[in-house]
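Each remark here refers to the structure printed beneath this line.
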Amino acid sequence: GVSHVLTLVLQELSLLCKRDVNGVGMLYDLLRSRWLQALLKIYECLQHYLGKRPVPVTPQARSLNREVIELLREAPQLGEIKELRRLLRAPHLKASPALLSAHDTVAQKDFEPTLPPLPDNIPENEEAMRIVCLVKNNQPLGATIKRHEITGDITVARVIHGGLADRSGLLYAGDKLVEVNGVPIEGLEPEQVINIL
């Protein structure tokens, strides 16, 4: 891996160091530094993990849980079956289907929004347009909007520091809004756009 390559480079540099070639000593010291060695080990561990990331057994854990509980209801009431039923009906699984729903969402890779394809016939002199996708979870967007005084367009008035829009780095003050959640906003009042957001 990377550590082996670094070891070979250090061996070559140590030979050049003895010949006192300009800058080689500093490079040799840099490559031998503990922080760089630790960083490379972390990098190798992450690469190893990415190659062997866990894969869900099923993308339908929630429905499988219900199915197993039903099957266990009809099975003979042995000690192990009672224990398994008790575990599957425990509050963290039964009362909170969000846990299994979250598992299924991740397993199905259903967490990224799908964007419509860009049209092929965009004129060359057309202004550049960015498609921005921000996923809100009961949190404010962290931006205000206003109607531009001259053009009448709805624009981002300001981006609130630390808010969702700011943390994403995708919205900037002065950006013109064309569409929100698939709804064209031309001719709408800022209050109407806020309701769509």
Side-chain angles (χ1 to χ4, degrees), residues 1-2 30-31 33-56 58-63 91-93 95-197:
V2 178
L30 172 70
L31 293 175
S33 64
R34 288 186 186 270
W35 65 267
L36 183 61
Q37 299 286 334
L39 191 61
L40 288 172
K41 284 186 182 184
I42 291 170
Y43 174 79
E44 282 185 340
C45 288
L46 288 174
Q47 290 300 106
H48 178 73
Y49 172 77
L50 287 175
K52 295 186 175 187
R53 72 177 69 165
V55 178
T58 177
Q60 304 293 333
R62 190 172 174 193
S63 61
H92 63 280
L93 289 178
S96 175
L99 176 67
L100 294 176
S101 292
H103 170 275
D104 292 349
T105 299
V106 172
Q108 295 168 12
K109 295 185 168 99
D110 192 25
F111 43 83
E112 292 186 12
T114 54
L115 299 175
L118 292 175
D120 294 329
N121 55 352
I122 298 176
E124 290 296 321
N125 59 354
E126 188 79 18
E127 288 183 21
M129 183 181 295
R130 286 180 292 132
I131 297 175
V132 174
C133 181
L134 296 175
V135 180
K136 293 182 358 177
N137 292 327
N138 296 326
Q139 58 188 354
L141 179 61
T144 60
I145 60 172
K146 68 176 182 177
R147 180 171 302 285
H148 192 275
E149 297 159 356
I150 298 169
T151 64
D153 295 330
I154 302 289
T155 61
V156 175
R158 67 185 183 112
V159 176
I160 298 164
H161 180 72
L164 176 64
D166 179 48
R167 290 191 314 268
S168 75
L170 298 173
L171 282 181
Y172 302 96
D175 283 353
K176 174 183 170 184
L177 301 180
V178 177
E179 188 176 284
V180 175
N181 294 332
V183 178
I185 62 164
E186 186 174 359
L188 296 181
E189 292 299 318
E191 294 77 21
Q192 294 172 300
V193 175
I194 288 171
N195 290 334
I196 299 170
L197 286 169

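Position 1 is the first residue of the sequence; numbering continues from there. These figures come from a predicted structure and were not determined experimentally.
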Taking all non-hydrogen atoms of both residues, which atom of [X] and which atom of [Y] are closest, and how far apart?
| X | Y | answer |
| --- | --- | --- |
| Ala173 | Ala157 | CB-O, 3.6 Å |
| Val193 | Leu177 | CG1-CD1, 4.4 Å |
| Glu179 | Ile185 | N-CG1, 4.2 Å |
| Ala165 | Ala143 | CB-CB, 4.2 Å |

Atom [atom1] of [X] and atom [atom2] of [Y]: how far apart are they, to the nearest 0.5 Å?
| X | Y | atom1 | atom2 | result |
| --- | --- | --- | --- | --- |
| Asn195 | Glu189 | CG | CD | 12.0 Å |
| Arg167 | Leu134 | CZ | CG | 10.0 Å |
| Ile160 | Thr144 | CD1 | OG1 | 6.0 Å |
| Leu170 | Leu164 | CG | CG | 9.0 Å |

Option passing side chain to side chain contact (heavy atoms under 4.5 Å, CB included) with Asp175 (candidates Val156, Ile145, Val132, Asp153):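 Of all the options given, the one that passes is Val156.
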message: Would Lys146 and Thr155 count as a side-chain contact (heavy atoms from CB on, under 4.5 Å) here? Give the steps.
response: CA-CA 6 Å; Lys146 68 176 182 177; Thr155 61; 3.7 Å; yes
message: Using the rule given for side-chain contact (heavy atoms from CB on, under 4.5 Å), can you reason through Ile154 versus Arg147, listing the C-alpha separation, both sets of side-chain angles and the distance that settles it, and then say yes or no?
response: CA-CA 5 Å; Ile154 302 289; Arg147 180 171 302 285; 4.0 Å; yes
message: Using only atom types and a distance under 3.5 Å, with no angle test, would you say the side chain of Asn181 pairs donor to acceptor with the backbone of Ile196?
response: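 Yes; at least one donor-acceptor contact below 3.5 Å.
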